[in-house]
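Quick notes on the structure that follows.
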Amino acid sequence: MKAIRIQSPAGLDNLELVDTDTPSPGPNDILVRAAASSLNFHDYLVVSGATPVPDGRIPMSDVSGEVTAVGDAVTAFAVGDRVMGTFFPRWLGGEPSLAKCWSHIPGDTAEGYASEYVCGPETAFTAIPERYSFEEAATLPCAGLTAWRALFVEGQLQPGETVLVQGSGGVSVFALQMAKAAGATVIATSSSDEKLERLRALGADHCINYRATPEWGKAAAALCPRGGVDHVVEVGGGATLGQSIEACRTGGHVAFIGVLTGMSAEVPTGGLVIKQIRLHGITVGSREQQEAMVRGLDTMDIRPVIDSRFPLADIADAFRHQESQKHFGKICLSYGD
Ligand SMILES: NC(=O)c1ccc[n+]([C@@H]2O[C@H](COP(=O)([O-])OP(=O)(O)OC[C@H]3O[C@@H](n4cnc5c(N)ncnc54)[C@H](OP(=O)(O)O)[C@@H]3O)[C@@H](O)[C@H]2O)c1
C-alpha cells in the first residue's frame with residue numbers, strides 16, 4: 001500500500017510517498033481502507049519538524065474509511081462498516097491520564113493514518129455520523145471532538161448563552177456551528193473581513209476583526225447583556241488569553257485549547273480571579289465523548305465546512321495551504337483513486 005513517511009530532517013519538503021506492507025489485523029483489530037483524513041494544526045507541528053517524531057513516522061491523526069477485515073474477537077464492527085479513528089486510541093472514557101493520552105497519539109507518538117489502509121484495535125475507532133461522507137467524517141476526531149467537548153462536556157452549554165470563537169480554522173468553525181445548533185448566540189473573530197462574512201453566513205450573530213480591533217475582548221463583552229460572554233473557545237493561546245478573559249462575564253468559562261500564537265502567556269491573573277473565571281485546558285477527548293458527539297451530530301442539522309481537498313500524494317501542498325492561513329474550516333486529504 002502507499003503511505004506518507006516523514007523523512008529526516010522533518011519538513012514539508014521531506015514528506016515521501018512510499019510503498020509499505022499492508023497491515024493484517026490481530027484478533028481484536030479491524031483493517032480499514034482509508035478514504036480521507038483532515039489536517040490539524042497539531043499535524044502541521046509534526047510534519048514541519050516543530051514536534052520531533054522518529055524518522056520515517058507516518059503522519060496524520062484523523063482518518064475515516066470502510067472496514068475491510070476484522071479479527072476473530074471483534075464484536076463492535078463488521079466488514080463494510082463506516083468508521084473513523086480516535087485521537088487518543090487508549091483514552092476510552094473516564095478521566096484523562098498521561099498514560100491514556102500522550103503515550104499513543106497517531107501521527108505523533110504512534111504511527112499515523114496517512115496510508116491507504118490503517119489497522120488497530122476496534123476500540124480505536126467509532127462509527128461516523130449516518131449522513132456524513134468519509135471526508136466530512138475525517139474532520140471530526142480532532143477538531144470536531146475538541147469543539148464538542150469544549151462546549152457540551154466542559155462548558156455544559158445552555159440555549160441562550162453566548163459563545164466567543166476565534167478565527168476561522170477547523171476547531172472554531174465547528175464550535176460556531178455546534179453552538180448555533182444548540183441555540184447559543186455566537187460572537188466570531190477573524191483577521192479577515194471576507195472570512196467574517198462567511199462566518200456570519202454560517203450563523204455568527206456578531207463579528208469582530210481582531211486585527212482592526214485589538215481590544216476585541218472588550219468589544220465582545222460590550223455586546224453581551226450579562227456583561228460578557230459565557231464561554232470562550234480559546235485557540236489563539238499566549239497572545240489572545242488576555243482578551244479572552246476581558247471578554248468573559250463574571251463566572252464565565254474559557255476552554256483553553258490552542259497555541260496558535262505560542263506556548264506561553266502573560267496571564268492577567270487579576271481579571272481571572274476577580275471575574276471568577278473557570279479556565280480549563282483541554283486536549284481533544286475520549287472515545288466515549290466521540291460516540292456522544294456522533295449521536296449529537298446525527299440530530300444536528302450541520303455539515304463540516306471543507307475548504308479544500310488534496311490527494312494523499314500532495315500532502316505537502318495541503319500543509320502549505322494550511323500554513324498560509326487562507327483556509328476556512330477544514331482541509332482534507334482524499335485517498336481515493
Ligand atoms: N487542545 C486540543 O485538543 C486541540 C485540538 C485541536 C486544535 N488545537 C489547537 O487549536 C488551534 C487551532 O487549531 P485548528 O486545527 O483549528 O487550526 P487551523 O485550522 O490551522 O486554524 C488557523 C486559524 O486560526 C486563526 N488564528 C490565527 N491566529 C489567530 C489569533 N491571533 N487570534 C484568533 N484567531 C487566530 C486564523 O483565522 P483567521 O484567518 O480567520 O484570522 C487561522 O486561519 C491550534 O493551536 C491547535 O494546535 C488544540
Side-chain angles (χ1 to χ4, degrees), residues 37-48 50-51 60-62 86-88 91 96 101-102 105 107-108 138-151 153-154 164-177 187-200 202 204 207-217 220 232-244 247 254-263 265 280-286 289-290 293 304-308 318-332:
S37 180
S38 84
L39 278 64
N40 296 291
F41 190 71
H42 167 252
D43 302 308
Y44 174 74
L45 293 177
V46 172
V47 296
S48 63
T51 296
M60 306 308 287
S61 66
D62 282 343
T86 56
F87 187 84
F88 291 126
W91 184 18
C101 295
W102 295 100
I105 301 175
D108 184 338
T139 65
L140 295 173
C142 180
L145 182 56
T146 302
W148 174 271
R149 180 177 167 206
L151 296 175
V153 182
E154 312 303 345
L164 184 140
V165 300
Q166 301 173 344
S168 54
V171 174
S172 302
V173 171
F174 266 126
L176 159 61
Q177 293 177 292
I187 302 174
T189 68
S190 173
S191 58
S192 145
D193 288 341
E194 192 197 325
K195 287 181 173 182
L196 285 172
E197 277 318 304
R198 296 180 69 184
L199 293 166
R200 198 185 296 281
L202 282 174
C207 293
I208 304 172
N209 185 316
Y210 63 80
R211 289 247 168 86
T213 309
E215 299 270 306
W216 50 266
V232 178
V233 179
E234 167 63 69
V235 298
T240 50
L241 181 58
Q243 284 302 305
S244 293
V254 176
F256 193 87
I257 290 168
V259 292
L260 285 165
T261 63
M263 294 286 200
H280 193 154
I282 68 171
T283 311
V284 198
S286 67
Q289 290 163 357
Q290 183 160 308
M293 173 185 69
V305 175
I306 297 179
D307 168 272
S308 46
F319 277 110
R320 285 189 190 97
H321 182 51
Q322 185 191 32
E323 195 175 47
S324 76
Q325 299 210 352
K326 290 193 177 125
H327 64 291
F328 183 92
K330 294 294 293 179
I331 303 165
C332 284

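Small disclaimer: the values here were computed from a predicted structure and weren't measured. Both counts, for ligands and for their atoms, begin at 1 and track the order of listing.
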Any side-chain heavy-atom pair of V254 and L241 under 4.5 Å
yes
Which protein heavy atom lies closest to atom 13 (O) of ligand 1, and at what distance to 0.1 Å?
F41 CB, 3.8 Å
Enumerated ligand 1 atoms positioned under 4.0 Å from heavy atoms of T240
31 (N), 32 (N)
Using a strict cut-off of 4.0 Å, indicate which atoms of ligand 1 neighbour a heavy atom of S191.
38 (P), 39 (O), 40 (O), 41 (O)
pair I282-I257: side-chain heavy atoms closer than 4.5 Å:
yes
So which heavy atom in the protein is nearest atom 35 (C) of ligand 1, and how far is it from that ligand atom?
Y210 OH, 3.2 Å
Which atoms of ligand 1 are found less than 4.0 Å from any heavy atom of V171?
6 (C), 7 (C), 16 (O)
Checking a contact table here: which protein heavy atom is nearest atom 37 (O) of ligand 1, and how many Å away?
S168 N, 3.1 Å
Among I257, N209, T189, which one puts a heavy atom closest to atom 48 (C) of ligand 1?
I257
Quick test: of every protein heavy atom, which one is nearest to atom 21 (O) of ligand 1, and how far off is it to 0.1 Å?
G169 CA, 3.2 Å
Given T261, L260, I282, which has its nearest heavy atom closest to atom 1 (N) of ligand 1?
I282
Hey, can you tell me if W102 and F88 have their rings parallel, tilted or perpendicular (30° and 60° cut-offs)?
perpendicular
Shortest non-hydrogen contact from Q289 toward G285:
OE1-CA, 3.1 Å
Measuring only between side-chain heavy atoms, which start at C-beta, is L202 closer than 4.5 Å to F328?
yes
Which heavy atom of A239 sits nearest to which heavy atom of T261, and what is that distance?
N-OG1, 2.8 Å
Contact between G167 and ligand 1, counting heavy atoms under 4.0 Å?
yes
Starting from atom 9 (C) of ligand 1, which protein heavy atom do you reach first, and at what distance in Å?
G258 CA, 3.5 Å
Starting from atom 27 (C) of ligand 1, locate the nearest protein heavy atom and write down its residue, its atom name and how far away it is, to 0.1 Å.
Q325 OE1, 3.4 Å
A239 near ligand 1, heavy-atom distance under 4.0 Å?
no
Using distance alone, decide if ligand 1 has a nitrogen or oxygen within less than 3.5 Å of any nitrogen or oxygen in G170.
yes
Applying a 4.0 Å heavy-atom criterion (strictly less than), which segment of Q322 is in contact with ligand 1: side chain, backbone, both, or neither?
side chain
Ignoring hydrogens, what is the shortest heavy-atom contact between S244 and V232? Give both atom names and the distance.
OG-CG1, 3.5 Å
For ligand 1 and N40, I'd like to know whether there is a polar contact (N/O to N/O, distance under 3.5 Å).
no
Would you check if I331 and S308 make a side-chain contact, meaning some heavy-atom pair closer than 4.5 Å?
yes
On a heavy-atom basis, I'd like to know which of R198, H327, M263, Q166 is closest to atom 22 (C) of ligand 1.
H327
Does any N or O atom in A143 lie less than 3.5 angstrom from one in ligand 1, N or O only?
no
Does D193 use its side chain to pair, donor to acceptor, with the backbone of N209 at less than 3.5 Å?
no
R320 and E323: salt bridge (charged side-chain N to carboxylate O under 4.0 Å, His left out), yes or no, with the steps?
CA-CA 5 Å; R320 285 189 190 97; E323 195 175 47; 5.6 Å; no
Using a 3.5 Å cut-off on N or O atoms only, is S190 in polar contact with ligand 1?
yes
For a 4.5 angstrom cut-off between non-hydrogen side-chain atoms, does L199 reach V173?
yes
Starting from atom 45 (O) of ligand 1, which protein heavy atom do you reach first, and at what distance in Å?
V259 N, 2.8 Å
Residue pair E234 / L164, side-chain heavy-atom distance below 4.5 Å:
no
Side-chain donor-acceptor pair present, Q166, Y210, cut-off under 3.5 Å
no
Looking only at distance, does C142 have an N or O less than 3.5 Å from an N or O of ligand 1?
no
Would you say the side chain of W148 lies within less than 4.5 Å of the side chain of V153, judging by non-hydrogen atoms?
yes
Does S192, backbone or side chain, put an N or O under 3.5 Å from an N or O of ligand 1?
no
To which protein heavy atom is atom 5 (C) of ligand 1 closest, and what is the distance rounded to 0.1 Å?
T146 OG1, 3.1 Å
